[in-house]
Amino acid sequence: MPFNGSDSRRLRRFRELVEETARACAPEDAAALRTELDELVDERALAEAVIDRTGALVVVLDREGYVRRWNAACARATGYSAEEMLGRSLWDLILPEERDGVRATLDALRAGRATTTHENHWIARDGQRRLVSWSNASLLDEAGEVRAIVATGLDITERTQAEVALRAQAKRLEALAEASRVFASGLDYKTTLDTVARRLCELIGDGALIRVVSPDGNWLVPVAVYHPSPERAALRRRIIAAAPQRTDEGITAGPLATGRTLRIPALSQERVRNEMKPEYWPYLEGVTSLLIAPLAQRHEVFGHITLMRDAGGAPYTADDEALLEDLAHRAAQAIENARLYSDAQNAVAARDEFLSIASHELRTPLTALRLALGNMRRVTSREALERLPPEHVERVLGAAERQGQRLEKLVAALLDVSRIHMGKLDLDLEEVELGAVVTDALAQLEDEASQTGSTLSASGTPVRGAWDRLRLSQVVTNLLSNAVKYGAGKPVEVSYGPSATGAVLVVRDQGIGISASDQPQIFERFERAVSSRNYGGLGLGLYIVRRIVEAHGGTIRVESAPGKGSTFQVELPLRPLCARPGHGALDPAAAH
Ligand code: ADP
């Protein structure tokens, strides 16, 4: 029965009165009176049941604002029972910052103004906030005065939370889709990285840093620094450029080593001081939360993206972490694509440069050859030829011959490169004595050396191996010819002999030298460390040398410094590991 205690008492009293009246009435009137009372009681019970069973919150306030009715839904939403609430005011339940709004609504209703709707939060007994959407109306008495205020509300807490979560989810999905589109269209490496950093700051905030691991794997190279405040971004760029960081130091070392994202919701200055070197303290000043995601491609970590939250902002959440991880994954792909694209562009540029150098290099001896031929044509008649001093004829023919040889060398180098490229550098192994090859090469280069003023000398102990004679001779002449070309007219020394692993050949000059940064590239195709204006050449010699040495199972390295000359050292095993013997191949024992 939905009647409360006082209602039941009143009803009992009312029934007694009706019974008294009924006894004094005619029997049909008495029966009608009792039926009417029963119907009234039924209707009242039904109305009470509806109010109590409805899922909506129903509160009735009197004119003064005290609670007169508090249905079961109100009790469920707040944890306060009807007994506790009846006769109380609502103020304690209402969120302090919303009280003014609620008061204005009640005043309007009390003044008999129109029905109103609004939303406000109730604070439940357990401290939880419930968001309720209210529809309020004032009840008037017969005189038109406000008797009570009826508020019907729907608890929309869960629905609103779900909506907020859905909206956030939609925003993230939209962000991911947009980021993928941006990443996919940005083929230029630098632009892609800048876009990645900026988009991350906009989506998650506040500052972003992207660094990639240096080719030797030891250092972190900053590639994009972003912060919405240009001054802050500039300061961070300065700090990071002035203090290079190793891959195994600082807070980033963990994510780089494990490939797992690191989230530090509350970053303490103490942690910064413990884990970062002092140069980085100003970088992280005012940063209260940190999120570091590794950049990985095919399980290989090649960099990281770090997000930094400025003081005052909320700590990074697990959702932020999931979003960053997803974006880092896409960014890694975009970066890889951009890198491949830039590599391809560099290769195309190198090839174009090579073609222009090659045509220049080929044209020089051709012009000289044409001049020599023109010279000879002018003296085609027998008498003219007889009048000409023989030294002159000899000189012209000698020059023509040299230019022809130079052309032949260039064409041979081009052929070698394409052969190596197609993997067809076959070795024709036979017993070869290294000292003899050196002596031959010295003889070939004497003219060249005398033109530059360099003297050539060789010393060593004979050493025999199973090598390709012509290819080995190419190695020695290429190294010697470079030593003469870049040797600044100073002496060039060659030494050779047995070594712990086989044979060693060293070519040393005292010329212009090679900077440390150029040294790794000079053994690549078309790579040159000098300008083609000062020194002719195709940039193929050392590439061919390296490939021949490697085909023999050997190694080549250079030690050099600008202005201090260069020393090239070749180590060769006495017989190639996977030798494919050509004609004249050796019995293994004969090599020793
Ligand atoms: P090229 O001499 O035709 O340019 P190489 O492949 O033989 O091509 O050499 C590549 C580059 O290495 C040269 O362009 C030059 O910059 C550098 N180099 C090679 N040998 C020496 C040396 N002995 N001294 C200084 N630089 C050298």
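Read the numbers this way: they start at 1 and go in the same order the structure lists the ligands and their atoms. These numbers come from a predicted model, not from an experiment.
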Those residues at least two apart in sequence (or on a different chain) that pass side chain to side chain contact (heavy atoms under 4.5 Å, CB included) with L369 are A400, Q403, L407
Which of the numbered atoms in ligand 1 are below 4.0 angstrom from a heavy atom of L540?
-> 6 (O), 8 (O)
Mind checking whether F568 has a heavy atom under 4.0 Å from ligand 1?
-> yes
Nearest non-hydrogen atom to atom 17 (C) of ligand 1 belongs to which of I544, V545, I522?
-> I522
Looking only at distances, please establish whether an N/O atom of ligand 1 is found under 3.5 Å from an N/O atom of L542.
-> yes
Short side-chain to backbone donor-acceptor contact, H552 and G554, under 3.5 Å = no
Flag the pair E321 and R263 as a salt bridge only when some basic side-chain nitrogen lies within less than 4.0 angstrom of an acidic carboxylate oxygen.
-> yes
Who pairs with A243 by side chain to side chain contact (heavy atoms under 4.5 Å, CB included), at least two apart in sequence or on another chain?
-> E279, Y280
State plainly whether the residues E391 and R395 are in salt-bridge range, i.e. N to O under 4.0 Å.
-> no
Identify whether the distance between the nearest side-chain nitrogen and carboxylate oxygen of R232 and D206 falls below 4.0 Å.
-> no
What are the atoms of ligand 1, with element, lying closer than 4.0 Å to any heavy atom of K485?
-> 1 (P), 2 (O), 3 (O)
Any non-hydrogen atom of G539 lying under 4.0 Å from ligand 1?
-> yes
Compute the shortest N/O to N/O distance between I512 and ligand 1 and return yes if it is under 3.5 Å, no if not.
-> no
